[in-house]
Amino acid sequence: MKHQLTHQTLLVPAKEGRGFLLEKGQLIKVIDEEGQQVVDFVAYRTSNLKERLDPSVTMDALRSMNLKPSDILYSNMYTPLLTILEDTVGKHDLINSACRPEMYTFLYDKTNHASCYHNLNAALAPFGIPQPDQHYTFNIFMNTIVDEQGNIEVKAPLSKAGDYILMRAELDLIVAVSACPCEESDCNGYHCSPIRVEILPN
Ligand SMILES: [Zn+2]
């Protein structure tokens with residue numbers, strides 16, 4: 001199949017996105033190649049494209065904003081989609097939606113900026129997934145700090161070159177990732193870099 005990856009490695013260039021199939025039982029390893037690079041991650045259930053990884057449901061089910069090995073990522077139907085097996089960083093984000101061109105205009109007065117929203121749409125299009133109003137992403141390696149007053153600050157990722165998160169697919173999934181193209185903030189340490197995805201047998 002065109003988009004099938006089996007025991008493969010996929011290098012996603014800086015500021016770009018990719019989509020691929022992940023079979024039930026397969027493992028996916030998302031690796032920060034150079035360090036301090038956020039990966040926006042979405043997953044859709046192959047048998048029902050209206051069912052997708054839902055960060056809000058995941059926080060509800062886990063009763064936590066923080067993730068750790070053995071934690072499950074849930075769909076909008078409260079179905080387990082992925083299980084975290086290993087994590088060398090321990091700091092990710094479930095509360096921020098994907099960056100989009102309008103965000104770069106709002107925050108940085110820039111127009112037509114590359115975005116995770118666009119990257120994910122382009123990566124998912126070959127699988128017949130229509131563009132949503134917004135992607136609510138699992139933001140791997142994103143270092144969001146919420147203080148006791150509720151103030152939100154995005155700091156540089158804690159990930160160093162070679163750090164990774166390893167997950168197991170609990171169902172057949174269509175996955176897309178975006179190497180976040182924001183270089184205007186500490187989100188990616190003011191520098192965009194590639195990411196690597198490995199698909200491994202269980
Ligand atoms: Zn982004």
Practice prompt. Over 60° means perpendicular and under 30° means parallel, so classify the ring planes of H92 and F141, tilted if in between.
Written response: tilted

Worksheet item: Is a side-chain N or O of N76 found less than 3.5 angstrom from the main chain of K50, in a donor-acceptor match?
Response: yes

Worksheet item: Hey, is R196 close enough to E198 for a salt bridge, meaning N to O under 4.0 Å?
Response: no

Practice prompt. Evaluate side-chain contact (heavy atoms from CB on, under 4.5 Å) for C99 paired with Y117, printing each intermediate quantity in order.
Written response: CA-CA 6 Å; C99 64; Y117 177 70; over 6 Å; no

Worksheet item: Is there side-chain contact between L67 and L73, with at least one heavy-atom pair below 4.5 Å?
Response: yes

Item to complete: State, yes or no, whether a side-chain contact exists between L21 and D172 at a heavy-atom distance under 4.5 Å.
Response: no

Discussion item. With heavy-atom distances below 4.5 Å as the criterion, would you say the side chains of F41 and L82 are in contact?
Written reply: yes

Worksheet item: Is the closest side-chain heavy-atom distance between C116 and T137 below 4.5 Å?
Response: no

Worksheet item: Side chain of D186, backbone of Y190: donor and acceptor closer than 3.5 Å?
Response: no

Item to complete: List the steps and the verdict of side-chain contact (heavy atoms from CB on, under 4.5 Å) for Q26 and L200.
Response: CA-CA 6 Å; Q26 282 185 324; L200 308 160; over 6 Å; no

Worksheet item: For H113 and E184, does a side-chain donor sit closer than 3.5 Å to a side-chain acceptor?
Response: yes

Worksheet entry | Any donor-acceptor N/O pair, T105 side chain to K110 backbone, under 3.5 Å | yes

Worksheet item: Honestly curious: do L27 and V177 fall in one hydrophobic cluster under the side-chain, below-4.5 Å linking rule?
Response: no

Worksheet item: If we only count heavy atoms from C-beta on, is the R168 to K24 side-chain gap below 4.5 Å?
Response: no

Practice prompt. Indicate whether the side chain of T83 and that of E170 have a donor and an acceptor atom separated by less than 3.5 Å.
Written response: yes

Fill in: Residue N151 excluded, over 12 heavy atoms near CG under 6.0 Å
yes

Fill in: Side-chain heavy-atom pair N143, D93 within 4.5 angstrom cut-off
no

Worksheet entry | Non-hydrogen side-chain atoms of Q37 and P194 separated by less than 4.5 Å | no

Worksheet item: Do D54 and S75 have side-chain atoms, one donor and one acceptor, less than 3.5 Å apart?
Response: no

Worksheet item: Does one hydrophobic cluster hold both V175 and I195, with members joined at side-chain heavy-atom distances below 4.5 Å?
Response: yes

Worksheet entry | Polar side-chain atom of N188 near backbone of C180 as donor-acceptor pair, under 3.5 Å | yes

Discussion item. What I want to check is whether the side chains of D40 and S178 have a donor and an acceptor closer together than 3.5 Å.
Written reply: no

Discussion item. Between E51 and T79, is there a side-chain donor-acceptor contact under 3.5 Å, judged purely by atom types and distance?
Written reply: yes

Worksheet item: Is there a donor-acceptor pair under 3.5 Å between the side chain of E153 and the backbone N or O of T144?
Response: no

Worksheet item: Can E183 and K15 be said to form a salt bridge (Lys or Arg N to Asp or Glu O under 4.0 Å), step by step?
Response: CA-CA 9 Å; E183 54 192 354; K15 303 183 181 182; 3.0 Å; yes

Item to complete: May I have the step-by-step check of side-chain hydrogen bond (donor to acceptor under 3.5 Å, both in side chains) for Y78 and D60, ending in yes or no?
Response: CA-CA 9 Å; Y78 286 76; D60 186 35; 2.7 Å; yes

Worksheet item: Going through the checks in order, is the salt bridge (Lys or Arg N to Asp or Glu O under 4.0 Å) test met by D71 and K68?
Response: CA-CA 6 Å; D71 280 349; K68 62 184 184 307; 3.1 Å; yes

Worksheet entry | Within 45° cone of Y164 ring axis and under 6.0 Å: K29 NZ or CZ | yes

